[in-house]
Number of protein chains: 2
Amino acid sequence: MTSSPATRPTDGRAARWAGQRERRRREFVDAALRAIASHGPEVSTEQIAEEAGLGRTRLYKYFADAADLQGGIADRVTELITAELAPALNAGGTPMRMIRTAIDAHTRWLAEHGNLYRYLTMHSLSAHGRDAVTDVKTAIARNLTVLFERNLELFGASTRLAEPVAFGVVGLVESSTARWLENPGDLGRHELADLLATWVWRLLDAALRAQGVELDPDLPLPVPGEPLATRG
Amino acid sequence: MTSSPATRPTDGRAARWAGQRERRRREFVDAALRAIASHGPEVSTEQIAEEAGLGRTRLYKYFADAADLQGGIADRVTELITAELAPALNAGGTPMRMIRTAIDAHTRWLAEHGNLYRYLTMHSLSAHGRDAVTDVKTAIARNLTVLFERNLELFGASTRLAEPVAFGVVGLVESSTARWLENPGDLGRHELADLLATWVWRLLDAALRAQGVELDPDLPLPVPGEPLATRG
DNA sequence: TCCCGGTAACAGGAACATACTGTACCCGCT
DNA sequence: AGCGGGTACAGTATGTTCCTGTTACCGGGA
């Protein structure tokens, strides 16, 4: 009947609100992060809405349900952690340096956002049957997978093990760090990061050698544009 | 006044029911496992009670709340997995053989009990702020910790890294296997188990070398009673 | 010895209270 | 017209209370 072109807004009165939904969603997620920080991991949607300065039912204007909000929070956390890790992983340099810097950033972030981490562990996105931490870990692992694949291709090696390695590395770091958070023992954060970096390198080294690639962890990686030199 | 010795029941009418509570708890947990297998991971307490042939409210006679039941389920799963892993870990033999057998049992168990695994991932025991999978993983990791500590002591090495290593190993295996379960790609279960075994050994080897211990993964471990021989 | 009322502890369930989630609808503003 | 706000309400899951059996043990009396 009426023309409803997707390419151009029908009415200026509609264009006025373009992106409004996304803005409001971000506001709610921001409020949720503040509420988690202040009320702890067992925060209710009521408290989140209060933190946003709105009534609880307003939430359903912008989120399909509570799981949708939690998905938004998980996405935001993924952004935050990715932003922490990106400098370490994209800066290039030696493998060991990248690993050590990334793990240090990761352990620091977790230590500083314990409530947020606990919130994610105890809320499940029943829609997909996964919990929020799994979603965040999956997102990180997929980034790592891409990184590994890029570097494996530089050496002409197969990329089929990149994904299992990436998920293994993420699980290794997360599990050990989570335990350390709840039960630090006599282990300092930097010592833990050193240990994890060593173990992660051993894991990567094993996967690389299985592909016939030998790397010195303390020599810089080749860069896509430059000629590469495999070192034994 | 009246004799009420703790050593002997005052009345046969009371003694009749000794252990009844534990029996009923086990029955409920059994019913829950069946209900999860048949109704999927989103099973309700109502359905569990129905599977047990009882009204829902009966549950609260034996469990403090729903989290208590889930704790019971998590404990049972821990028993089941521990029973799967124990033969591999206690049989002795070479490190590589133990690792490979344990990981094979673990991947097989997860592949066969996908619904149960998903149930655990999506139900949180809010009492402690942890999810059920974390509890199971923690229990397994503690068993591994003890195993590592025993063997480290045989070599006169420090045991302070046993716990971080154990949790790291558990996280590594669980994370990679969980991803493989949801997204197997072209990787067979046995190939995955081989990869994980190699990586776990590299991790253990790194931790051992940091303590000055070098082991050949394909030579049998020393046994407590026998003289030990470190092999370079 | 056997029967019999009494009793302790469990079995089962209905009715109720509470909390969280999500929907419907109403009004106001620009 | 379209968004902003909120109250009232429905649905569901979670616990609690209370009432009615049921079973096996106990002690006493014929």
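Given the structure is predicted, the values throughout are model-derived calculations rather than measurements. In what follows, every chain begins at residue 1, and chains take the letters A, B, ... in the order their sequences are listed. No hydrogens, no waters, no symmetry mates; every other heavy atom, side chains included, goes into these values.
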Rounded to whole Å, please give me the gap between [atom1] in [X] and [atom2] in [N].
X	N	atom1	atom2	value
B/Leu59	D/dT14	CG	P	9 Å
A/Gln47	C/dC20	CD	C1'	12 Å
A/Asp65	C/dT21	CG	C1'	9 Å
A/Glu27	D/dC3	CD	P	15 Å
A/Met122	C/dC20	CE	P	13 Å
A/Lys61	D/dC3	NZ	C1'	8 Å
B/Tyr60	D/dT16	OH	C1'	10 Å
B/Leu54	C/dC10	CG	P	15 Å

Q. Is there any ring-ring contact (aromatic ring centres under 6.0 Å, His included) pair reaching into residues 172-202 of chain B, and which pairs are they, with sequence neighbours excluded?
A. none
Q: Return the set of residues passing side-chain contact (heavy atoms from CB on, under 4.5 Å) with B/Leu89 (not counting sequence neighbours), or none when no residue passes.
A: B/Leu85, B/Ala102, B/Leu144, B/Leu147
**Q.** side-chain contact (heavy atoms from CB on, under 4.5 Å) against A/Asp65, all qualifying residues, sequence neighbours excluded
**A.** A/Ala67, A/Asp68
Q: Please work out if A/Arg24 contacts a base, only the sugar-phosphate, or nothing of the nucleic acid, heavy-atom cut-off 4.0 Å.
A: sugar-phosphate
Q: For A/Tyr117, check ring pair (Phe, Tyr, Trp, His ring centres under 6.0 Å) against everything at least two apart and list the hits.
A: none
Distances under 3.5 Å only, N/O to N/O: pair up the protein atoms with those of nucleotides 7-13 of chain D.
from  : atom 1 : to      : atom 2 : distance (Å)
D/dT7 : O4     : A/Thr57 : OG1    : 3.2

Q: Could you tell me whether the side chain of A/Val173 reaches within less than 4.5 Å of the side chain of A/Val200, counting heavy atoms only?
A: yes
Q. From the list C/dC10, D/dG6, D/dT16, which nucleotide is the closest neighbour of the side chain of B/Gln20?
A. C/dC10
Solution key, residues 49-60 of chain B side-chain donor-acceptor pairs under 3.5 Å, sequence neighbours excluded:
from    : atom 1 : to      : atom 2 : distance (Å)
B/Glu51 : OE2    : B/Arg34 : NE     : 2.9

